[in-house]
Structures are given as structure tokens and as C-alpha cells.
Amino acid sequence: MIGKACTAGEIIEHLRSLRSEETVAGMERFGIVTETALGISNPDLQKIARLTGKDHARAFALWTSDIREARMLALYTLEPGKLTPEEALRLAEDFNSWEVVDNAADIFIEAKLVSLIPTFAADEREFVRRTAFAMIASAAVHMKKEPDETLIGWLDLVEDHAGDPRNFVKKAVNWALRNVGKRSHACHAPALALARTLAGSSDKTARWIGKDAVRELTDEKILARLKR
């Protein structure tokens, strides 16, 4: 029976028993890295996480297994209050999938590790750079007490990296820009101004990011919500 007293090894053994080749094939269609996947859905992993509870040291033991599901479970069972910048950087060394990055970004924001955003953005590795912008997108939604000026300040990073043509970077840069713009009335104007600048860029990637953001940030429903 899986539970809070289980070791990392016992949890991994349980995960292996749930392997589903059919689900692995389905994951591939969503661009999920499946070389080490067992085919367990994230909702099922979240159920297992509730049964095992959070355990910071055990989470890192799960992470080192290199199994996709074990790593996702590691993120679900990390203790954000204990996560250090050094540990976050160590996790980032292994980032190789958008879903891992996006889940990790939420944890990093919960752990208040926003100081790492410029470090991740400056990293040339595709998934590490994506982490920075996934964190900005997450912060715009979840860090409700953070001053708007902080979010507006991160728009410089959006502008700096809007020309990165790699798929998982450009989508995250776009995501960050849109989320900052939708955060508040104060954030909307500078985000929309940047989006319009990028939309007029001679760079193909920056132009796509800008046009898509302009389309969302000028949507009547978004504008109506920001006026409330």
C-alpha cells in the first residue's frame, strides 16, 4: 500500500507497476518527452502525491531516478518552503520537457525564487530559458501581493529574448507577455505597448509573439475585466 512511510524505491516500484504503453503513446502526441515515461497521467500522479505526502529529501531521491513519472512526483512532493536557489538550479540541470519545466516553474514561484528568473533567462539551454518565462507567467497569476512594478520590470527580459526562435522558448515568452498584460490595468499598458513593438519587428519570431499578444490583450473580454 502506497503511503507516507514509503521510501523513494518503494514508490518507484509502485510506479513501474502502473506502466501503460497506450498512455505513453498518447503523451507523445502532446510533445511530452517519453523516453523514460511509464505512461501515468498527471492527475493519477497527483493522487499518489496526496497519499505519499510531501517529503523534501525523498523528492530529490525520486528526481535522481530519471523516470518521467518519478520526476513529476518529485515536483508534486517537494516542500517549497525548504527549496533553496541552489537546489532549484540543480533541478534545472535536468530539464528536458516542457511539462516538467512548467510544473517546476510553479514550485519555484511558490518558493519565492524570483531572483533566479534573470539567471534562467540568460541560460542558452532551451528548457532552462523556458523556465524563466514560465515563472513570469506563473508569477503574474499567483503572486498577487507582488507589486505590479516587479512584473513590468520583467518585460525587459521578454523583449531581450523575443527573437529566440526555439519552439519551447518562444511559446513561453509569448505566454509571459500575455499573462503580465492580463494581470492588472497597470500592467496592461506597458505589456500591450511592447506587444505592438514586437508585432512590428522585422524578426519573424518576435513578430509572431507580438501579434499573438496584441490579439489577446485587445480582446474586449480582457479589457472589460481589467476595468472592473
With sequence neighbours left out, write down each residue that passes side chain to side chain contact (heavy atoms under 4.5 Å, CB included) with Ser20, or none if nothing qualifies.
Glu22, Thr23

In Å and rounded to the nearest 0.5 Å, what is the NE2 to CG distance from His188 to Asp148?
13.0 Å

Can Glu216 and Lys182 be counted as an ion pair, charged N to O under 4.0 angstrom?
yes

Same apolar cluster: Ile107 and Leu116, side chain cutoff 4.5 Å
yes

Indicate the atoms forming the closest heavy-atom contact of Ile12 with Ser65, along with that distance.
CD1-CB, 3.6 Å

Is there a side-chain contact between Phe168 and Val101 in this structure, where contact means two heavy atoms from C-beta onward sitting under 4.5 Å apart?
no

Side-chain donor/acceptor of Arg196 to backbone N/O of Lys211, under 3.5 Å
no

Could you tell me the separation between the CD1 atom of Ile48 and the CD atom of Gln46, rounded to the nearest 0.5 Å?
10.5 Å

Verify the distance criterion only: is there a donor paired with an acceptor across the side chains of Arg183 and Asn179 at less than 3.5 Å?
no

In the structure I gave you, are the side-chain heavy atoms of His161 and Phe133 within less than 4.5 Å of one another anywhere?
yes

Can you check salt bridge (Lys or Arg N to Asp or Glu O under 4.0 Å) on Arg68 and Glu99, steps first, answer last?
CA-CA 10 Å; Arg68 176 238 172 221; Glu99 62 157 355; 2.6 Å; yes

Determine the minimum heavy-atom distance between Glu87 and Phe60, stating which atoms define it.
CB-CZ, 3.6 Å

Any donor-acceptor pair under 3.5 Å from Thr34 side chain to Ala37 backbone:
no

Between Ile136 and Val141, is there a shared hydrophobic cluster once you connect ILVMFWY residues whose side-chain heavy atoms come closer than 4.5 Å?
no

Thr131 side-chain N/O to Val128 backbone N/O, donor-acceptor pair under 3.5 Å
yes

Are Trp98 and Asn167 close enough, and set up right, to give a side-chain contact (heavy atoms from CB on, under 4.5 Å), and what steps lead you there?
CA-CA 10 Å; Trp98 67 264; Asn167 185 49; over 6 Å; no

Establish whether Trp175 and Leu177 are linked, either directly or via other cluster members, by ILVMFWY side-chain heavy-atom contacts under 4.5 Å.
no

How about Arg16: does its CZ atom have over 12 heavy atoms from other parts shown lying under 6.0 Å from it?
no

If we only count heavy atoms from C-beta on, is the Leu83 to Phe108 side-chain gap below 4.5 Å?
yes

Any salt bridge linking Arg19 with Glu21? Criterion: basic side-chain nitrogen under 4.0 Å from a carboxylate oxygen.
yes

So CG of Leu15 and CD of Glu69: to nearest 0.5 Å the spacing works out to 7.0 Å

Should Val214 and Leu226 be counted in the same cluster of Ile, Leu, Val, Met, Phe, Trp and Tyr side chains packed under 4.5 Å apart?
no

What are the two closest non-hydrogen atoms of Ala172 and Ala134, and how far apart are they?
CB-N, 4.4 Å

So, Glu10 side chain and Thr7 main chain: donor-acceptor pair closer than 3.5 Å or not?
yes

If you round to the nearest 0.5 Å, how far is CZ of Arg71 from CG of Leu45?
14.0 Å

Return the minimal non-hydrogen interatomic distance between Lys170 and Asp164, and the atom names on each side.
CB-O, 3.6 Å

Using side-chain heavy atoms (C-beta onward) and a distance below 4.5 Å, is Thr77 in contact with Asp55?
no

Evaluate Asp203 against Arg207 for side-chain contact (heavy atoms from CB on, under 4.5 Å), listing each step before the verdict.
CA-CA 6 Å; Asp203 181 88; Arg207 193 164 60 249; 5.8 Å; no

Honestly curious: do Leu18 and Ile67 fall in one hydrophobic cluster under the side-chain, below-4.5 Å linking rule?
yes

Heavy atoms only: give me the nearest Cys187-Leu151 pair and the separation to one decimal.
SG-CB, 4.2 Å

Any side-chain donor-acceptor pair under 3.5 Å between Thr36 and Asp66?
no

Verdict with reasoning, Val33 to Val100, per side-chain contact (heavy atoms from CB on, under 4.5 Å):
CA-CA 9 Å; Val33 175; Val100 170; over 6 Å; no

Taking all heavy atoms of Leu223 and all of Leu217, pick out the closest pair and write down the distance.
CD2-O, 3.6 Å

Is there a side-chain contact between Thr119 and Leu89 in this structure, where contact means two heavy atoms from C-beta onward sitting under 4.5 Å apart?
yes

Sidechain-backbone polar pair: Arg58 side chain, Lys4 backbone, donor-acceptor under 3.5 Å:
yes

To the nearest 0.5 Å, atom OG of Ser201 lies from atom CH2 of Trp208 at 14.0 Å

Counting neighbours of CD on Glu13 that are heavy atoms of other residues, nucleotides or ligands and sit closer than 6.0 Å, is the number greater than 12?
no

Rounded to the nearest 0.5 Å, what's the gap from CZ on Arg90 to OG1 on Thr64? Could you check?
9.5 Å

Does some side-chain heavy atom of Glu124 sit less than 4.5 Å from a side-chain heavy atom of Arg129?
yes

Show your reasoning for whether side-chain contact (heavy atoms from CB on, under 4.5 Å) applies to Lys54 and Leu78.
CA-CA 6 Å; Lys54 292 186 180 293; Leu78 278 172; over 6 Å; no

Ser97: what forms a side chain to side chain donor-acceptor pair (under 3.5 Å) with it, not counting sequence neighbours?
none

Pairing of Glu93 and Arg125 as salt bridge, 4.0 angstrom limit
yes

